[in-house]
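Written below as structure tokens is the structure these notes are about.
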Amino acid sequence: MQGITLWFDRTFPDKPPIENFPFVIERLRGTPVRVRAQTSVLSRVQSQMRVDGAWSVLEQVGHLGDLESLWLGRIDDFMNGELELRPADLTNRLTHESHHDERSLDDLLTIFDAARKKMVDRLETISLDDAGRSSRHPRLQQPMRLIDLCLFVADHDDHHLAVITKIIST
């Protein structure tokens, strides 16, 4: 999509101070609210519209919900002392096969909201020391702390919010 860097082309050199962990959790907590606010006025046709071959708004929202189990699993990887985080399916097979365009936007938002709440609730039980645990990211091939993963997820959310904005503004 023109003007938006592809997700897989992004790099993540920033390493926030561990004290920022609560702020990153707040950013994650707010994503479902932001998505709901951004999409609340869309008609069914608008939510199914594709621009430049990108997923529709329904597929974007469904994709956010699809990845919540990966994020939770990676949190477990950190807490279990795994040397490398579990890999993502870089083909996004789940999103492609889920037929999100056949679902209602409200259903997809409800699923995403519940899954994100589960993740945020889990993160709120983690100490600052544990937020500094490190493991290797399988695609980026670099060490990543739990706080870095959380920032990675928040950036991923923002990437899809930007795509949704682009679709809506077209």
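We're numbering straight along the sequence, starting at 1.
Distance check, rounded to the nearest 0.5 Å: SG of C150 to CG of D155 gives 11.5 Å. Taking CG from L123 and CD from E26, the interatomic distance works out to 11.0 Å, rounded to the nearest 0.5 Å. Atoms CG and NE2, on L28 and H156 in that order, are 12.5 Å from each other to the nearest 0.5 Å. Note that CZ of R50 is 6.0 Å distant from CG of D101, once rounded to the nearest 0.5 Å. Note that CD of E68 and CG of L72 are 7.0 Å apart. Values are rounded to the nearest 0.5 Å. Between S43 atom OG and Q48 atom CD the span is 8.5 Å, to the nearest 0.5 Å.
Looking at D157 and R116, a side-chain N of the basic residue comes within less than 4.0 Å of a carboxylate O on the acidic one, giving a salt bridge. D77 has no carboxylate O lying under 4.0 Å from a charged side-chain N of R136, or vice versa, which leaves the two without a salt bridge. Using a 4.0 Å cut-off between charged nitrogen and carboxylate oxygen, D76 and R86 do not count as a salt-bridge pair. Note on D121 versus K118: no salt bridge recorded, every NZ/NE/NH1/NH2 to OD/OE distance being 4.0 Å or above.
D148 and H137 share no donor-acceptor pair across their side chains, judged by distance under 3.5 Å alone. In this model, a donor atom of one side chain and an acceptor atom of the other lie less than 3.5 Å apart for T165 and Q38.
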- Task: Go through Q46 and V41 one step at a time and tell me if the side-chain contact (heavy atoms from CB on, under 4.5 Å) criterion holds.
- Result: CA-CA 9 Å; Q46 289 170 311; V41 298; over 6 Å; no

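Nearest heavy atoms, P17 versus I147: O-CD1, 3.4 Å. Taking every heavy atom of both residues into account, Q60 and A54 meet most closely at NE2-CB, 4.5 Å. Counting all heavy atoms, side chain and backbone alike, P32 lies closest to D113 at CB-OD1, 3.4 Å.
Inter-residue side-chain proximity for K15 and L151 is flagged as unmet; no heavy-atom pair is nearer than 4.5 Å. Inter-residue side-chain proximity for V153 and R27 is flagged as unmet; no heavy-atom pair is nearer than 4.5 Å. Side chains of L94 and D89 form no contact here, defined as non-hydrogen atoms less than 4.5 Å apart. No side-chain heavy atom of I126 sits under 4.5 Å from any side-chain heavy atom of I25. In this structure, T39 and S47 have side chains that are not in contact, with every pair of non-hydrogen atoms separated by 4.5 Å or more.
Note: the hydrophobic cluster containing M49 also contains L42 (ILVMFWY, side chain heavy atoms under 4.5 Å, direct or indirect links). One hydrophobic cluster, built from ILVMFWY side chains closer than 4.5 Å, cannot hold both I18 and F23; they sit in different ones. When the side chains of ILVMFWY residues are joined at heavy-atom separations under 4.5 Å, either directly or via intervening members, L128 and I75 end up in a single hydrophobic cluster. In this structure, M79 is a member of the same hydrophobic cluster as F21, with clusters built from ILVMFWY side-chain heavy atoms closer than 4.5 Å. L161 and I111 are assigned to two separate hydrophobic clusters, defined by single-linkage of ILVMFWY side chains at heavy-atom distances under 4.5 Å.
A distance-only check finds no donor-acceptor pair linking the side chain of S134 to the backbone of P143 [under 3.5 Å]. The backbone N or O of F78 lies less than 3.5 Å from a partner atom in the side chain of R133, making a donor-acceptor pair. Remark: side-chain polar atoms of R103 are not paired, donor with acceptor, to backbone N or O of L58 under 3.5 angstrom. In terms of modelled atom types and a separation under 3.5 Å, the side chain of E84 and the main chain of P138 share no donor-acceptor contact.
Between H63 and H159, a ring centre-to-centre spacing not shorter than 6.0 Å is recorded.
A perpendicular orientation is assigned to the rings of H96 and W55, their planes being inclined by more than 60° (bins at 30° and 60°).
With sequence neighbours excluded, no residue satisfies side-chain hydrogen bond (donor to acceptor under 3.5 Å, both in side chains) with N80.
When the options V61, T110, L105 are evaluated for a side-chain contact (heavy atoms from CB on, under 4.5 Å) with R36, the one that passes is T110.
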